[in-house]
Colleague: 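Sharing a structure with you now.
Worth knowing before you read on, the calculation uses all heavy atoms, side chains too, and leaves out hydrogens, waters and symmetry mates.
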Amino acid sequence: MTVGVPTFETTDTPEKNASCAVILLRHAATTGGEGRAIGRTPLPLSPEGLRQAAALCKVMRQCRPAALYASPASRARDTLGPLLDECTVHLIDDMDEIDMGQWDGRTFDSIRQREPEQYNRRGRDMAHFRIPGGETFADVQRRVMTAVRHMAQGPRPAVCITHAGCLRVVACTLTRTPLEDLMSFRFSHLHGLAMTGPSSALHLEKADVTLEDLPSLL
């Protein structure tokens, strides 16, 4: 699925002379999610998030990545909002946040109080615990890495706006960190990862990518 119109021309020059293949960035800051289990629940950008989105789009206009992708979640699309009338943005379902199933949108306090056994099981097995009606992080890892490798096939460099959970599973994969330890990776809004190498053998080019890093990576 795509939105916008193509003004980042890439047809004649599918590869740019860039240092990376794919850059993943967490969406801009949101409001309304504090203390809640947020997976597929829609959240609006906060005033700070709107400022971050404007700053990102300014950089994208200057750097002109060969391809631009986003999770279909509204907070990811809104992060690229100022660009949607200017260029093609490809929406990738597999780059959406983890599906929290029956917990999605609820407060962690209510989950802990009403379902203490399941809450504690998730804490003991973060990689493989499945919330009723939702996903495991192992599920997320499989779909996200498939999508990342597809983006890395080109055109390159590609930028994708995604989520903290997706960034964590990619970080685990690239650093060979056990998925059980995924919460050791923290990503602020509009921070992320840069990868390089062929799609079949991607490796980490830079951790904790910020807006200031993008011109040198793109």
Side-chain angles (χ1 to χ4, degrees), residues 20-30 33-41 43 69-73 75-76 79 92-109 111-112 115-152 158-197 199-210 213:
C20 68
V22 179
I23 296 172
L24 304 181
L25 295 173
R26 188 183 179 190
H27 58 80
T30 59
E34 297 78 7
R36 298 168 63 197
I38 301 299
R40 304 297 173 84
T41 300
L43 293 176
Y69 301 92
S71 155
R75 56 192 182 273
T79 298
I92 303 182
D93 290 343
D94 284 343
M95 295 306 295
D96 206 344
E97 184 58 288
I98 185 171
D99 187 341
M100 298 287 280
Q102 295 178 10
W103 290 6
D104 220 322
R106 294 173 55 190
T107 67
F108 284 111
D109 283 344
I111 296 167
R112 184 169 52 248
E115 302 166 59
E117 182 178 348
Q118 287 192 321
Y119 183 88
N120 291 330
R121 281 179 56 202
R122 183 174 186 261
R124 293 192 301 269
D125 188 10
M126 189 64 71
H128 300 103
F129 177 76
R130 185 183 305 279
I131 298 165
E135 291 181 293
T136 69
F137 272 109
D139 295 332
V140 176
Q141 185 180 45
R142 283 189 289 270
R143 64 170 167 82
V144 166
M145 290 310 303
T146 297
V148 167
R149 293 183 182 109
H150 177 76
M151 287 186 278
V159 174
C160 180
I161 307 302
T162 184
H163 305 271
C166 299
L167 283 158
R168 286 173 172 142
V169 300
V170 173
C172 285
T173 303
L174 297 182
T175 63
R176 299 183 180 180
T177 299
L179 197 56
E180 290 77 8
D181 298 328
L182 83 165
M183 290 301 176
S184 64
F185 294 100
R186 301 288 180 179
F187 293 94
S188 300
H189 296 102
L190 285 193
H191 287 228
L193 299 169
M195 290 159 274
T196 191
S199 61
S200 59
L202 289 168
H203 61 269
L204 189 63
E205 171 77 5
K206 183 174 176 57
D208 198 26
V209 170
T210 67
D213 297 317

Colleague: Return the set of residues passing salt bridge (Lys or Arg N to Asp or Glu O under 4.0 Å) with D139 (not counting sequence neighbours), or none when no residue passes.
Modeller: R130, R142

Colleague: Taking atom CZ as the centre, does R121 end up with more than 12 heavy-atom neighbours from other residues, nucleotides or ligands that are less than 6.0 angstrom away?
Modeller: no

Colleague: Which heavy atom of D96 sits nearest to which heavy atom of P72, and what is that distance?
Modeller: OD2-CG, 3.8 Å

Colleague: Give a yes or no on this: more than 12 heavy atoms of other residues, nucleotides or ligands lie within 6.0 Å of atom CD of E117.
Modeller: no

Colleague: For the residue pair M195 and M151, establish whether any side-chain heavy-atom pair is separated by less than 4.5 Å.
Modeller: no

Colleague: Nearest 0.5 angstrom please: I92 CD1 to C160 SG, how far?
Modeller: 5.5 Å

Colleague: Write down the atom of R36, the atom of G105, and the distance for their closest heavy-atom approach.
Modeller: NE-O, 2.9 Å

Colleague: For residues H163 and M95, determine if any side-chain heavy atom of one lies less than 4.5 Å from a side-chain heavy atom of the other.
Modeller: no

Colleague: Would you name the heavy atoms of L193 and V209 that are closest together and state the gap between them?
Modeller: C-CG2, 3.8 Å

Colleague: For residues Q118 and P132, report the shortest heavy-atom separation together with the two atoms involved.
Modeller: NE2-CG, 3.7 Å

Colleague: Quick check against the 3.5 Å criterion: does T79 have a side-chain atom that pairs as donor or acceptor with the backbone of A28?
Modeller: yes

Colleague: Side chains of Y119 and F108: closer than 4.5 Å at any heavy-atom pair?
Modeller: yes

Colleague: Side chains of C20 and K206: closer than 4.5 Å at any heavy-atom pair?
Modeller: no

Colleague: Of all heavy-atom pairs between A37 and D104, which one has the smallest distance, and what is that distance?
Modeller: O-OD1, 3.4 Å

Colleague: Just by modelled atom types, is the T210 backbone N or O under 3.5 Å from a matching donor or acceptor in the D213 side chain?
Modeller: yes

Colleague: Please tabulate, one pair per line, all N/O donor-acceptor pairs under 3.5 Å involving side-chain atoms of residues 167-176, not counting sequence neighbours.
Modeller:
residue	atom	partner	partner atom	Å
R168	NE	F185	O	2.8
T173	OG1	Q141	NE2	2.9
T173	OG1	V169	O	2.9
T175	OG1	A171	O	2.6
T175	OG1	T177	OG1	2.7

Colleague: Checking the side chain of T196 only, and the main-chain atoms of E205 only, is there a donor and an acceptor separated by less than 3.5 Å?
Modeller: no

Colleague: Where the side chain of R40 meets the backbone of E97, is there a donor-acceptor pair that is under 3.5 Å apart?
Modeller: yes

Colleague: Backbone N or O of H191 within a donor-acceptor pair of the R26 side chain at under 3.5 Å?
Modeller: no

Colleague: Can you measure from CH2 (W103) to CD1 (I131) and round to the nearest 0.5 angstrom?
Modeller: 5.0 Å

Colleague: State, yes or no, whether a side-chain contact exists between Y69 and V22 at a heavy-atom distance under 4.5 Å.
Modeller: no

Colleague: Under 3.5 Å, side chain of N120 to main-chain N/O of P116, donor-acceptor pair present?
Modeller: yes

Colleague: Has R122 got its NZ or CZ under 6.0 Å from the middle of the six-membered ring of F129, at an angle within 45 degrees of the ring axis?
Modeller: no

Colleague: For R186, what residues pass the salt bridge (Lys or Arg N to Asp or Glu O under 4.0 Å) criterion, not counting sequence neighbours?
Modeller: none

Colleague: With side chains defined as the heavy atoms from C-beta onward, is the minimum distance between M126 and L179 less than 4.5 Å?
Modeller: no

Colleague: Just say parallel, tilted or perpendicular for the rings of H189 and H27, cut-offs at 30° and 60°.
Modeller: tilted

Colleague: About how many Å separate CD1 of I98 and CG of L182, when rounded to the nearest 0.5 Å?
Modeller: 8.5 Å

Colleague: In Å, rounded to the nearest 0.5 Å, how long is the span from CG of L25 to CG of L190?
Modeller: 6.5 Å

Colleague: Donor-acceptor check, side chain of E135 to backbone of D99, threshold 3.5 angstrom: yes or no?
Modeller: yes

